[in-house]
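The chains referred to below are lettered A, B, ... by the order of the sequence lines, with proteins before strands, and numbering in each begins at 1.
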Amino acid sequence: MADLLLSHWNYFIVVLLMMIGLFIVISSMNLVKKLVGLSIFQTSVFLLYISLGKIESGTAPIIIKSGHDGHGNMDILYSNPLPHVLILTAIVVGVATTALGLALVLRIKASFNSIEEDEILNVKRAINSRSKSS
Amino acid sequence: MIDWMFHLPAIIVVIPLLSAIIVALLPSRIGWICASISSGLSFWAAIVLTAHMLDAGSLMRMSYFLGGWPPPWGIEFSVDHATTLVILVITGLGFVSTLSSNALLLNDIHSDDRSRFFAAWLLTLGGLLGLVMTADAFNLFVFFEISSLASVTLVAMGSGRDKRALVAAFNYLIIGAIGATFYVIGVGFCYAMTGTLNMVDMANRLPLVTDLVPVYIGLAFMVSGVMVKAAVFPVHFWLPPSYGFAPMAVTSLLAAIATKAALYVLIRIMMTIFGGFPDMPLMIMQWVFIPLALMAILLGTVLAIYEKDAKMMLAQSSVAQIGYIVLGFGVATLAGVQSGFIHIANHAMIKGGMFIGLGGMAIAVAGKTRMTSLAGLGRRMPITSTGFLICGLSLIGVPLTAGFISKFYLVSAIIAAGYWQIAAIVLLSSALSVIYLWRLVETLWFAPADGVETRLPEQAMIYIPLWILAIANIWFGINAGMITGLAKMAATSLFGGMS
């Protein structure tokens, strides 16, 4: 168990962050905190991908020319660049999600005068009962 | 000419995406016209593509390499018969609901904001089309997020009438983002085991993997993520409020096409990516999809019966209808998957038409959709309400409508697979759906209006799209061969990937 923990410690951190993020999203009443939790959750997935691409003692995937033939040096270990590129895209998506979420929170604050879910729920209930009686 | 055909898969997706940017910059007056032209062009391109695919035979698969990079390195757009059917449905319904959208919007959106509204509208459409077209597992996630962020924006536009739309949109955003992230985790596991993201390449490499635990974990994450987006039963709870509080035009677009694309992705994951495993996906389909679908059917129908708001009632019934599609897929025979595809097409026409019709009637009462405010509108708006009724009859599956064909193929597929108890539940829920439709009919035609019985003005831009869909419902109910034929080819091409 200890060996597994030491050799795969990055994955344990990923899982831990994933759980923390998801827990905040589910448990938190504050809408901004929900978005923070969502960001943590997404970031843990980014870390998962980045971990996949890393090879021990691997270097950045830039071909270093050696010798006269101009071919790449085959002895150098390169990290896999593809997960990094994927995560670059995923980060952009994550930023867009957070930005849209925060914009919605602003509008919710303006119309419900609160960003706490239970208070918003009370306002919603009041609207429900009003439209029922009318 | 041949060159041009070759680019069609990309053209269909690029038209709405590019014109979204252009529309955002144009003055608001012409936003709607440009959106209509763009979605119409996309529809036309989809028709040309379908015709080309039909000419080419049943096992035809068209491949388009974005940027000229062949797979597995580049992103590939891949078209087979399953893709063309869904693309045809999405572009067709997208076009029809774009036509009606401007009239349905009424005062929901300030006239100065309309060009930006239609930009988000086209992004939703383009995102969904890309979702269906792409053969790259990670690219699919990006299109998922393009379409869902844009549709969250559209749902939030309902805040002008009811501020609860903002909360519905926020919940939709959070749940949708979690679903998409689950999908990405799943893709990560499969990528780690195979080193490829191209679906076909992944399907070829997955059976060679020796350690199957990560693969099955990946499958579980991917399927549960996509199920959130498709609003399959236990994770469907974002759908009724989002559809209920969104502007009517947006509901008609989302209800017709948004979940359909995700359902297509679900079956694509099961049968293309995991086509190499005959047991595990089959087990998930039979032991997960079928029970969840049955619960969705019963719960959606019962909740629709008790709903006081007509728009919310149709949204609850959408949950049940998604259940029928998933049930067809869950049977996992050729006939079952075919019935799923038939209902994807028919339900899009039914719900698109019903929401347009409901919107057309709600305009007369300042956009209110509570049952009590709709009283007597059927008598006062005969053209709109008759079109609405035809789509409603199709929903419950009256013979000579498209809905009957769906139910017929679904029930015969279920019985052929030997699950006669499930067939009984489907027939029972069909009977139950008569109750909520009858409540609508009773309110619209037989309930007394508030003293006035004059005819109300009806807008041509609402009832023409509505009647296009109503006639399509009857046409495909009588002349069902076209949709059932396309759906059979779709199912065959999916099963072709399995062998």
Below 4.5 Å from any heavy atom of chain A, which atoms of B:Phe170 appear? Answer side chain, backbone, both or neither.
both
Donor-acceptor pair, distance only, cut-off 3.5 Å: does the side chain of A:Tyr49 make one with the backbone of B:Val184?
yes
Can you tell me how far the CG atom of B:Asn139 sits from the OG1 atom of A:Thr89, to the nearest 0.5 Å?
9.0 Å
Pick one of side chain, backbone, both or neither for B:Asn171, based on which atoms fall under 4.5 Å of a heavy atom in chain A.
side chain
Counting only heavy atoms closer than 4.5 Å, note whether A:Val123 contacts chain B via side chain, backbone, both or neither.
side chain
Chain B heavy atoms under 4.5 Å from A:Thr97: which part of the residue, side chain, backbone, both or neither?
both
Which portion of A:Leu52 sits near chain B, non-hydrogen atoms under 4.5 angstrom
side chain
In Å, rounded to the nearest 0.5 Å, how long is the span from CZ of B:Arg164 to CG of A:Leu121?
11.5 Å
A:Ile108, part contacting chain B, at a heavy-atom distance under 4.5 Å
both
Please evaluate residues A:Leu82 and B:Tyr191 with respect to the criterion side-chain contact (heavy atoms from CB on, under 4.5 Å), reporting the C-alpha separation (whole Å), side-chain torsions for both, the decisive distance (0.1 Å), and the verdict.
CA-CA 11 Å; A:Leu82 188 64; B:Tyr191 173 67; 3.4 Å; yes
Measure B:Ser373 against the heavy atoms of chain A and call it side chain, backbone, both or neither at under 4.5 Å.
neither
Segment of B:Ile146 engaging chain A (4.5 angstrom heavy-atom cut-off)
neither
With sequence neighbours excluded, residues passing side-chain contact (heavy atoms from CB on, under 4.5 Å) with A:Lys33
A:Ser28, A:Asn30
Of the backbone (N, CA, C, O) and the side chain (C-beta and beyond), which part of A:Ala103 lies under 4.5 Å from a heavy atom of chain B, both, or neither?
neither
Could you check whether atom CZ of B:Phe237 has more than 12 heavy atoms from other residues, nucleotides or ligands sitting under 6.0 Å from it?
yes
Assign the ring pair B:Phe182 / A:Phe41 to parallel, tilted or perpendicular, where the plane angle (0 to 90°) is split at 30° and 60°.
tilted
Under 4.5 Å from a heavy atom of chain B, the part of A:Leu86 involved
both
Against chain B, label A:Leu31 side chain, backbone, both or neither, depending on which of its atoms sit under 4.5 Å from a heavy atom there.
both
